[in-house]
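Predicted model only: the values in this text are computed from it and were never measured. Note: hydrogens, waters and symmetry copies are ignored here, and every other heavy atom, side chains too, is used.
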Amino acid sequence: MHISSRAARSLACLLLLSTASYQPALARDAAVESNAAAQVPWLYRGSDVPPDLEWKFGELSNGLRYAVRKNGVPPGQVSIRIRVDAGSLYETDDERGYAHLLEHLVFRQSKYLQEGTAIATFQRLGAAFGTDTNAETSATQTVYKLDLPNATPSSLDETFKLLSGMVTAPTLSTQNLKADVPIVMAEMRERGGAAQRVQERMQEVFYEGQPLSERSPIGTVKSLQAATQDSVRAFYNRWYRPENVVVIVAGDAEPAQLEAYVKKWFAGWQVPGKPIPAPSFGDPVPPASGQGEAPIGRTEIMVEPDLPPSINYAILRPWRQVDDTIVYNQGLMIDALAQAIINRRLESKARAGGSFLTAQVNQQDVARSADGTFVSVTPLGDDWQAALLDVRGVIADALTRPPTQAEIEREIAELDVAFQVPVEQRRLLPGAKLADDLVNALDIRETVASPEAVLRIFRESKPLFTPAAVLEHTQQLFRGTVTRALFIAQEKGSASSDALRQALVQPVKPDQQVRTAEGPPVSFDTLPAIGEPGQVTSVQNTGLLGIQQLSFANGVKAMLWPVQEEPGRLTVKVRFGGGYREIDPKDAPYITLGQMALVGSGVASLGQNELDQIATGRKMGFNFDVKDAAFEFSAETRPADLADQLYLFAAKLDLPRWDKQPLERAKAAAKIQYATFATSPQGVLNRDLQFYQRGKDPRFQTPTPEQIDRTTPEGFRRVWEKALSSGPIEVQIYGDFEPAQAVAALQRTFGALEPRDPAPVEADTAEIGAPKPTDDAVVLRHHGDADQAAAVISWPTGGGSTALPESRQLEILTQLFTNRLVDAVREKLGVSYAPYVFATWPVDLEAGGSITAMAQLQPDKVPLFFDTADEIAQDLITNPPSEDELTRVVEPLRQQVTRAASSSAFFMQQLEGATTDPSRIASLRTILTDYTQTSPAAMQALAARYLGQEKSWRLAVMPEKATGAEARK
């Protein structure tokens, strides 16, 4: 069954768990007996897993396999995946990077697509580049992806034709190599920096002696520069064969129709010769000397001053293809329980103020090369040995004593709800996800199953989940061929490989203090009431899709939308207060800390651990976000948990708790994270772009460690107590719920709050600024690779709800700009697909929006990027786009909006704030026409209004050793 790691397998892969016959009773199911009489589909051969009968599997005479199924989510879309069983581990030393290079060449030109026309062709079919049309290459596979919206027989036939030509007959010419190799090289450069160095070193250390230690899909400069038409074609001919290809299709069409397209366009694919077996990926190599169940092999120290210190070690075992049976998967379930128990104990110790910020245990099967148990530790302070010792102490206790039954039951409850939710939401599973899940299952040589099957097998397996079984599986997880470790240190000399080795072999005393206490259970029934239930003073129909607006006597307003078409899915959002505008700029650091620690600081009598406990076996959440003019709580929940979810949110506003430890932990995390931003141009942009785009408003600045140090628990409480007590309050509930029950729950919670005034917004803090236009770029510095830079150019636009139709037209203009920029920058500057343009439009403010273009590129190309962007902007002002160019933008937007509109979440997001600003309801009625009805002249007029060199503001992120002049024209 599809399982990528034994811990995540429970939450992700076991959702795909094959429905094998755990007990003889299951084998007698009618569906299983009926299927047993038929030919076993190719995916399930050698397995006792009953096939998922919604998939139709087939094989062509040339060896190509396929799987198709009908799925109507979203309506009209068909998702196609073409998986080639060839990745970077299939390359020879001289071919490193070829699998990924082929991915580019396949899109460049092929049998039915002229050079450079693939993106435009798929856009005309309504598929947006990057979101609907994409590809990816890993160590073990290459996958081509297309989500075709508004699929019709003619567009489906055309799409299968184009895709078949791409995979079976790409044009692997010298000319195309000359065009694509620089783009791949640019992608290699853009992926550089400290994080990439760490990833590569970890791969080298952990998988020493195996091809994976030196195989990355991006390849090497030497091999890519030496690539020729003949050498690339040789790799293609070796691995791009029907026997190595699977076509997977899930979407809003009949399986027989989808099957016919596969046969029509792929049955004629014939290649000479016999298929070649996949190369050996090797096994982890034991150390020459060593004792124990997982002897210590290579240990290494890597110094990266801008990254937080971290210790990572792996217990490695050989990977072997398994017989995908129920017994095997029951073992995975127990493995998942074992890891969940350890990780909960580690989190409990970290929350209590231990020597480490975070620590985690995670089993993974890596690239069909190793079965590993990985331990990661982020120490606090300089005493990394103490952090490692503390983590090993928690693990040692799990290895020597079985867990309590209470601990097991808690994790069983968590897994049970994780498996129950997909059953409830089965009708909402998108075809794209179903297709991707099957791709992933194929990659690890396992099968798939329905959510009902997963839940049934899990529940029937519960008698196997005993303390003794969990102890045995815990011990197995920490046995292996070899243990290897990598310590990322900030200073040279702060650690040595010998010291790391000694820390791993040092005897450790089992830590028995972090086991889950078997105290009295926490219950919502024991929590204080918010107040007297409030009265509903008015119920109004919005006139939109059955959405109702309720008003309570205390001033709280709610929007309710019961959607029967979304079974099991339910979302709650609460907007309150004034957001960024409410916070005094002098208190800016508390914004970041609030986003990290406000929820964890507790509710009523519940601390962070109690919040976890009370949500056990429930689907509840507690997300917190700060927006321009409001704060927001949000969660996805279930109908059965709605009332308690509403209580948690209301209690946070009315009965906040102020535990200090979550704040101290958040401060440590914020300080550790800060230095990492400087390791790359993208990191600097993540840290500073919003700050500069908002006119250097301190509230949008990422706080420095010095600013974090000056914060106090008293200041944290002062800022957030004020925010939590401010109004107005708007509650949204949408999805699968009973209106009468929801109203009653609202009356007991938000309706019971004391009336509150609107958030006090001082006149000097009400406005959020914007940068002034300038020809000279703001120059920021990064500490990463000297050949990396980033360039940003931005034009201010506007904001507010009354001009929403214009903001949507601006998104069309933005997409026109994106298409031109991608074409121009990739060819002129030799960068990858990184250049992009985006538009922002703050609905809650009357200004502050922008159109922003950015790209990662070489430092000496920054001025050329600015020149190119200026040229595109000026051309859009001077010349209207062609009808075809506009169609290539409008059609994908039409399809994106149409697909998004099939979900209640889309509409409710558009309606946030509508209880105080009814114009948002009216603007929603025109959303499709706003995005799709325009003209070349209208686009030219918008460009003239907003674009232009004299209106732009620009920023460059340069390496430390570069001069500022390099960023200027």
Side-chain angles (χ1 to χ4, degrees), residues 6-7 10 310-313 315 334-363 373-381 383-415 465-478 503-504 506-522 597 599-602 606-617 659-666 668-669:
R6 290 191 178 109
S10 304
S310 64
I311 305 166
N312 300 274
Y313 66 95
I315 299 96
I334 302 174
D335 288 343
L337 292 171
Q339 293 169 82
I341 290 170
I342 294 175
N343 286 330
R344 191 179 294 277
R345 294 177 182 178
L346 289 170
E347 174 65 12
S348 177
K349 190 170 185 67
R351 285 178 178 176
S355 58
F356 55 91
L357 180 66
T358 60
Q360 190 173 50
V361 170
N362 180 31
Q363 187 281 334
T373 302
F374 298 85
V375 181
S376 60
V377 185
T378 302
L380 277 175
D383 195 352
W384 62 267
Q385 290 98 331
L388 182 55
L389 193 67
D390 284 346
V391 171
R392 291 185 59 226
V394 173
I395 295 172
D397 182 57
L399 290 170
T400 53
R401 293 195 303 156
T404 65
Q405 190 62 42
E407 288 181 297
I408 294 175
E409 292 300 328
R410 182 172 183 177
E411 304 309 333
I412 287 175
E414 293 287 271
L415 293 180
F465 305 154
T466 64
V470 173
L471 175 62
E472 179 185 356
H473 279 254
T474 302
Q475 293 168 342
Q476 291 172 355
L477 286 169
F478 288 88
L504 288 169
Q506 177 183 350
V508 59
K509 180 180 179 181
D511 185 348
Q512 302 180 10
Q513 302 300 314
V514 293
R515 287 174 168 251
T516 303
E518 296 186 40
V522 181
V599 173
S601 64
L606 305 178
Q608 197 165 14
N609 290 330
E610 290 78 19
L611 282 170
D612 286 348
Q613 184 179 348
I614 206 168
T616 298
D659 292 344
K660 294 182 180 180
Q661 187 54 39
L663 173 63
E664 294 305 316
R665 194 179 183 195

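- Here the closest heavy-atom approach between residue Gly600 and residue Pro662 is recorded as O-CG, 3.2 Å.
- Looking at residues two or more places apart in sequence or on another chain, you find a side-chain contact (heavy atoms from CB on, under 4.5 Å) between Ala387 and Ser355, Phe356, Val377, Pro379.
- For Gln506, the side chain to side chain donor-acceptor pair (under 3.5 Å) criterion is met by no residue, not counting sequence neighbours.
- Residues that satisfy the ring-ring contact (aromatic ring centres under 6.0 Å, His included) test with Phe465, not counting sequence neighbours, are Phe458.
- Between Gln363 and Asp335, the closest side-chain pair of non-hydrogen atoms is not below 4.5 Å.
- Annotation: the span from Leu337 atom CG to Glu407 atom CD amounts to 11.5 Å, rounded to 0.5 Å.
- Of all heavy-atom pairs between Leu389 and Pro507, the closest is CD1-O, 4.4 Å.
- Among residues two or more places apart in sequence or in another chain, the side chain to side chain donor-acceptor pair (under 3.5 Å) test is passed with Thr378 by Thr358.
- Asn362 has its side chain within reach of Gln339: a pair of non-hydrogen atoms, C-beta onward, lies under 4.5 Å apart.
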Can Val522 and Leu611 be said to form a side-chain contact (heavy atoms from CB on, under 4.5 Å), step by step? CA-CA 9 Å; Val522 181; Leu611 282 170; over 6 Å; no

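- In this structure, NZ on Lys660 lies 12.5 Å from OG on Ser601, to the nearest 0.5 angstrom.
- For Asp397, the side chain to side chain donor-acceptor pair (under 3.5 Å) partners are Arg345, Arg401, Arg515, not counting sequence neighbours.
- Listed here is the closest heavy atom pair of Val361 and Asn343: N-OD1, 2.7 Å.
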Starting from the C-alpha separation in whole Å, work towards a yes-or-no answer on side-chain contact (heavy atoms from CB on, under 4.5 Å) for Glu610 and Ile614. CA-CA 6 Å; Glu610 290 78 19; Ile614 206 168; over 6 Å; no

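- Distance check, rounded to the nearest 0.5 Å: OG1 of Thr400 to CD of Gln512 gives 7.0 Å.
- Listed here is the closest heavy atom pair of Leu388 and Ala503: CD2-CB, 3.6 Å.
- For Thr474, the side-chain contact (heavy atoms from CB on, under 4.5 Å) criterion is met by Ala338, Ile342, Ala398, Leu399, Val470, Phe478, not counting sequence neighbours.
- Partners of Thr616 under the side chain to side chain donor-acceptor pair (under 3.5 Å) rule, at least two apart in sequence or in another chain, are Arg410.
- In this structure Leu380 satisfies the side-chain contact (heavy atoms from CB on, under 4.5 Å) test together with Leu357, Ala668, Ile672, sequence neighbours excluded.
- For the atom pair Leu471 CG and His473 NE2, the distance stands at 10.5 Å (nearest 0.5 Å).
- Note that the CG atom of Leu346 and the CG atom of Asp511 stand 9.5 Å from one another [nearest 0.5 Å].
- Residues Ala666 and Ala597 share a closest heavy-atom pair of CB-CB, 3.8 Å.
- Note that the CG atom of Leu477 and the OG1 atom of Thr373 stand 4.5 Å from one another [nearest 0.5 Å].
- Listed by chain and residue number, Glu347, Asp612 satisfy the salt bridge (charged side-chain N to carboxylate O under 4.0 Å, His left out) test with Arg351 (two or more places apart in sequence, or in another chain).
- Nearest approach of Glu414 to Gly617, heavy atoms of both residues: OE2-N, 3.0 Å.
- Checked against salt bridge (charged side-chain N to carboxylate O under 4.0 Å, His left out), Asp390 has no partners two or more places apart in sequence or in another chain.
- Contact annotation: the side chain of Ile334 never approaches that of Thr466 to less than 4.5 Å [non-hydrogen atoms, C-beta and beyond].
- Glu409 meets the side-chain contact (heavy atoms from CB on, under 4.5 Å) test with Gln405, Ile412; sequence neighbours excluded.
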